[in-house]
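Read through the structure below, which is laid out as structure tokens, and then see the notes.
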Protein chains: 2
Amino acid sequence: MIYLTQQKRVLASIFEKADRPLTPVEICERARTDLPSLGIATVYRAIKQFLEDGQVRLVEVPGAAPHYESAARHHHHFFVCQSCKRLFDLIGCVRGVKSLAPQGFRVKQHEIVLYGECSSCAVDSSKS
Amino acid sequence: MIYLTQQKRVLASIFEKADRPLTPVEICERARTDLPSLGIATVYRAIKQFLEDGQVRLVEVPGAAPHYESAARHHHHFFVCQSCKRLFDLIGCVRGVKSLAPQGFRVKQHEIVLYGECSSCAVDSSKS
DNA sequence: ATGATATTGAGAGTCAACTATCAATTTAAC
DNA sequence: GTTAAATTGATAGTTGACTCTCAATATCAT
């Protein structure tokens, strides 16, 4: 039997409200607004359950820690800000990616990641 | 003063000869053909120096351990075999990737990764 | 409300990738 | 060849991301 607890309710709402993929630590920080004593282990446990349910997905990009996002968000790729390390969504996708694979290779998924500075970090660095 | 040692010479030649990005452990194994007592710490130390020199670059792809390759190899992307975990080069690139970034974002690099089965694993899995 | 059981928070433990330490060895300027 | 300084190999330690343990607490069927 799986209990629906206060912490899972709060954590689920963090995922629903998030506008970008978050790390477990970011999720924990946000949830502590409502549940100040929330432990990181509980965040990981909830993420594990949400992943199994299929309501959350793992976002792994090179050069960044693992992030998680609501599975309700549609297929997209990411922008990694090399300055603040946050992830942002890219809108759209490019065609012809799968045709890059050599003969005989079976392509099942693909990932596109852009690296650089997000708009707010780009403004900050042009100031200094 | 930086000494040019036997181990650095051997490690540099591994990178030159490699036909794909390698993990530190793979590099160490290959180098032990010439230097059986080579320690993994020395491999990491050499990689660090080579990275600083700019003669080697880090290849980070989600779902695979960090790999390293000669910087002399030209810009390319990767195929990760989900079965044998090896990395393979993709030939060519797709255009229009940078235009996926939102307004105000500064794109400095990009990465494209395909996931699936390499030709030899695809053959093996169709047999069984 | 009660009680069986799932969950929680805190902290210890794990794991992989790497880094520091240090005595022994190698390098290279002389 | 000597010798000061860099490097090496072995191994212990660190780091980040996560998992386990366990006593205290919350949940929910009754």
Side-chain angles (χ1 to χ4, degrees), chain A residues 1-15 21-53 55-69 78 80 82 84-87, chain B residues 1-15 21-53 55-69 78 80 82 84-87:
Chain A
M1 218 272 106
I2 288 173
Y3 291 176
L4 179 54
T5 62
Q6 197 55 45
Q7 10 291 86
K8 282 185 210 166
R9 252 188 298 263
V10 169
L11 290 168
S13 84
I14 299 293
F15 281 108
L22 303 171
T23 63
V25 170
E26 285 174 329
I27 293 160
C28 193
E29 284 166 357
R30 292 187 182 199
R32 280 182 173 158
T33 313
D34 293 324
L35 295 169
S37 70
L38 184 72
I40 188 73
T42 300
V43 175
Y44 278 106
R45 281 187 287 238
I47 288 172
K48 196 179 180 186
Q49 277 186 16
F50 295 167
L51 284 171
E52 281 162 10
D53 292 353
Q55 69 181 275
V56 155
R57 83 166 72 92
L58 167 64
V59 176
E60 267 186 305
V61 285
H67 287 63
Y68 299 87
E69 66 173 358
F78 303 98
V80 182
Q82 293 172 320
C84 67
K85 306 292 178 192
R86 284 184 299 175
L87 292 194
Chain B
M1 222 259 118
I2 289 175
Y3 291 174
L4 178 53
T5 63
Q6 197 56 43
Q7 12 290 88
K8 282 185 210 166
R9 253 189 297 262
V10 169
L11 290 167
S13 83
I14 300 291
F15 281 108
L22 302 170
T23 64
V25 171
E26 285 174 329
I27 293 159
C28 192
E29 284 166 357
R30 292 187 182 200
R32 279 182 173 157
T33 313
D34 293 325
L35 294 169
S37 71
L38 184 72
I40 189 72
T42 301
V43 174
Y44 278 107
R45 281 187 286 238
I47 288 171
K48 195 178 180 186
Q49 276 186 18
F50 294 167
L51 284 171
E52 280 163 10
D53 291 354
Q55 68 180 277
V56 156
R57 83 167 71 94
L58 166 64
V59 176
E60 269 187 304
V61 283
H67 288 62
Y68 299 87
E69 66 173 359
F78 303 97
V80 182
Q82 293 172 320
C84 69
K85 306 292 176 191
R86 283 184 299 175
L87 292 193

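Lettering of chains follows the sequences in order, A, B, ..., and the numbering in each one begins at 1.
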Original post:
Rounded to the Å, how far apart are A/Lys8 NZ and C/dG9 C1'?
Top reply: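 One finds 15 Å between C1' of C/dG9 and NZ of A/Lys8, rounded.
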With respect to the phosphate group of [N], does any side-chain polar atom (N or O) of [X] fall under 4.0 Å of OP1 or OP2?
{"X": "B/Lys48", "N": "C/dT19", "value": "no"}
{"X": "A/Thr42", "N": "C/dG9", "value": "yes"}
{"X": "B/Tyr68", "N": "C/dC18", "value": "yes"}
{"X": "A/Thr23", "N": "D/dA17", "value": "no"}
{"X": "B/Thr5", "N": "D/dA6", "value": "no"}

Consider the side chain of [X], meaning its heavy atoms from C-beta on, and name the nucleotide among [options] that approaches it most closely.
{"X": "A/Pro24", "options": "C/dC18, D/dC18, C/dT7", "answer": "D/dC18"}
{"X": "B/Leu38", "options": "D/dT21, D/dG9, D/dA4", "answer": "D/dG9"}
{"X": "B/Tyr44", "options": "C/dT27, C/dT21, C/dC18", "answer": "C/dC18"}
{"X": "B/Gln6", "options": "C/dT27, C/dT7, C/dA10", "answer": "C/dT27"}
{"X": "B/Gln7", "options": "D/dA29, D/dC18, D/dG9", "answer": "D/dG9"}
{"X": "B/Arg45", "options": "C/dG11, C/dT21, D/dA29", "answer": "C/dT21"}
{"X": "A/Tyr3", "options": "C/dA4, D/dA17, D/dC20", "answer": "C/dA4"}

Original post:
For A/Leu22, which of A/Glu69, A/Glu29, A/Arg30 qualifies under side-chain contact (heavy atoms from CB on, under 4.5 Å)?
Top reply: A/Arg30
